[in-house]
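Here's the structure, in structure tokens; my notes come after.
One-based numbering along the sequence shown.
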Amino acid sequence: FKTLKKVSNTSVTIMISGESGTGKELIAQAIHHNSPRKNNPFVVLHTSAISQSLMESELFGHAKGSFTGALCDRKGKFEYADTGTLFLDELGDMRLSTQAKLLRAVENRQVTRIGSNNLIDVDVRIISATHQNIEEMVKKGLFREDLYYRLNVVSINLPPLRTRKEDLPVLIDTFIAEFSRTHNREINDISPDARKIFYKYDWPGNVR
């Protein structure tokens, strides 16, 4: 959180690492909402949920007629995030050819829609997240080293819940309040036995 306070007021690129369920997107939102860009778009691209053949169109957009089914011009996530923040979730799933184009967009602050020759200026802060070891992927040639250093200006690692069980009381209280509202029940606490079980558990799904 000390790191978040330092970087939120800047525009540096940030890479958030951590296991699935540790709250990487929530951290990205917190950075955005405490930054000078807070009144501008926060745009999310879950790279693992999109086929790699469509990834470039999602990032950069496309021009009408550029491929079968491209019936009109379409903005990409970079254009939608202009003056705001683009959050790239599960960055390690992006193929190398797309990484090269992403690098150019980050360096030049410009994008070109698929099927177009027009350069479009964009002012976007990029926050990326991954549960993979990107440094190992760089060594194996699976991730571009130059892109890694561009996106990893500031690194934030979210530890798994099993190593920070001091957070459990706050999480327990938060979820009791949330589920009480959701299910219209008046629940104030859980039993001491339940708390003991929670502290012994390894939480493979983390906060999620």
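For D123 and T83, the side-chain atoms include no donor-acceptor pair closer than 3.5 Å. For the residue pair T13/R150, the side-chain donor-acceptor check at 3.5 Å is not satisfied. A side-chain N or O of S57 and one of H62 form a donor-acceptor pair less than 3.5 Å apart.
With a 4.5 Å cut-off on side-chain heavy atoms, Y148 and L91 do not count as touching. Using a 4.5 Å heavy-atom threshold, the side chains of E90 and H46 count as separate. Between K101 and M55, the closest side-chain pair of non-hydrogen atoms is not below 4.5 Å. Looking only at side-chain heavy atoms (C-beta outward), F78 and I126 come within less than 4.5 Å of each other. Using a 4.5 Å heavy-atom cutoff, the side chains of M137 and Q132 are in contact. Contact check for L4 versus I31: side-chain heavy atoms found under the 4.5 Å cut-off. Contact annotation: the side chain of F60 never approaches that of T112 to less than 4.5 Å [non-hydrogen atoms, C-beta and beyond]. Contact check for V7 versus I127: no side-chain heavy atoms found under the 4.5 Å cut-off.
The structure places CZ of R109 at 16.0 Å from CD1 of I120, a figure rounded to the nearest 0.5 Å. The line from CD1 of I114 to CZ of R74 is 9.5 Å long, rounded to the nearest 0.5 Å. To the nearest 0.5 Å, atom NE2 of residue H131 and atom OG1 of residue T22 are 10.5 Å apart. From L96, atom CG reaches atom CZ of R144 across 7.5 Å, with rounding to the nearest 0.5 Å. One distance of note links CG of N133 with CG of L142; it measures 11.5 Å at 0.5 Å rounding. To the nearest 0.5 angstrom, D93 atom CG is 12.5 Å from R95 atom CZ.
Hydrophobic clustering (ILVMFWY, side-chain heavy atoms < 4.5 Å, transitive): I190 and F179 are in one cluster. Residues M15 and F87 are members of separate hydrophobic clusters, defined by side-chain heavy-atom contacts under 4.5 angstrom among Ile, Leu, Val, Met, Phe, Trp and Tyr. The hydrophobic cluster containing I16 also contains V12, counting ILVMFWY residues as joined when their side-chain heavy atoms lie under 4.5 angstrom apart, directly or transitively. There is a path of hydrophobic side-chain contacts, each under 4.5 Å, that joins Y149 to V106. Both L158 and V44 sit in one connected hydrophobic cluster of ILVMFWY residues. Membership requires side-chain heavy atoms under 4.5 Å apart, directly or through other members.
The main-chain N or O of V122 is never found under 3.5 Å from a side-chain atom of D82 such that the two would form a donor-acceptor pair. Between the T163 side chain and the P160 main chain, a donor and an acceptor come within less than 3.5 Å of each other. For N206 (side chain) and S20 (main-chain N/O), a donor-acceptor pair under 3.5 Å exists by modelled atom type.
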Problem set entry | Worked verdict on M94 versus L59 for side chain to side chain contact (heavy atoms under 4.5 Å, CB included) | CA-CA 11 Å; M94 188 179 294; L59 281 169; 4.1 Å; yes
For this session: Evaluate the side chain to side chain contact (heavy atoms under 4.5 Å, CB included) criterion for residues L88 and L102: first the C-alpha distance (whole Å), next the side-chain angles of each, then the deciding distance (0.1 Å), finally the verdict.
Result: CA-CA 11 Å; L88 300 175; L102 175 59; 3.9 Å; yes
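Minimum interatomic distance between I176 and I187 (heavy atoms only, all atoms of both residues): CG2-O, 3.3 Å. Nearest heavy atom pair, residue L168 against residue F198, reads CD1-O, 3.8 Å. P36 and S8 get closest at one heavy-atom pair: CD-O, 3.8 Å. Contact between A81 and L86 at its shortest, heavy atoms only, is CB-CB, 4.0 Å. Considering every non-hydrogen atom in both I14 and R125, the closest pair reads CD1-NH2, 3.3 Å. Here the closest heavy-atom approach between residue V207 and residue L161 is recorded as N-CD2, 4.2 Å.
Note on ring orientation: taking the six-membered ring where Trp is involved, the planes of W203 and Y201 are perpendicular (angle over 60°, cut-offs 30° and 60°).
Counting non-hydrogen atoms of other residues, nucleotides and ligands closer than 6.0 Å to CD of E136 gives a total above 12. Environment of CG in N157: crowded, with over 12 heavy atoms of neighbouring residues, nucleotides or ligands closer than 6.0 Å. In Q110, the CD atom is crowded: over 12 heavy atoms of neighbouring residues, nucleotides or ligands sit closer than 6.0 Å.
A salt bridge does not link E19 to K24: none of the charged nitrogens lies less than 4.0 Å from a carboxylate oxygen.
For the pair K165 and Y199, the NZ or CZ position fails the cation-pi test of under 6.0 Å to the six-membered ring centre and within 45 degrees of the ring normal.
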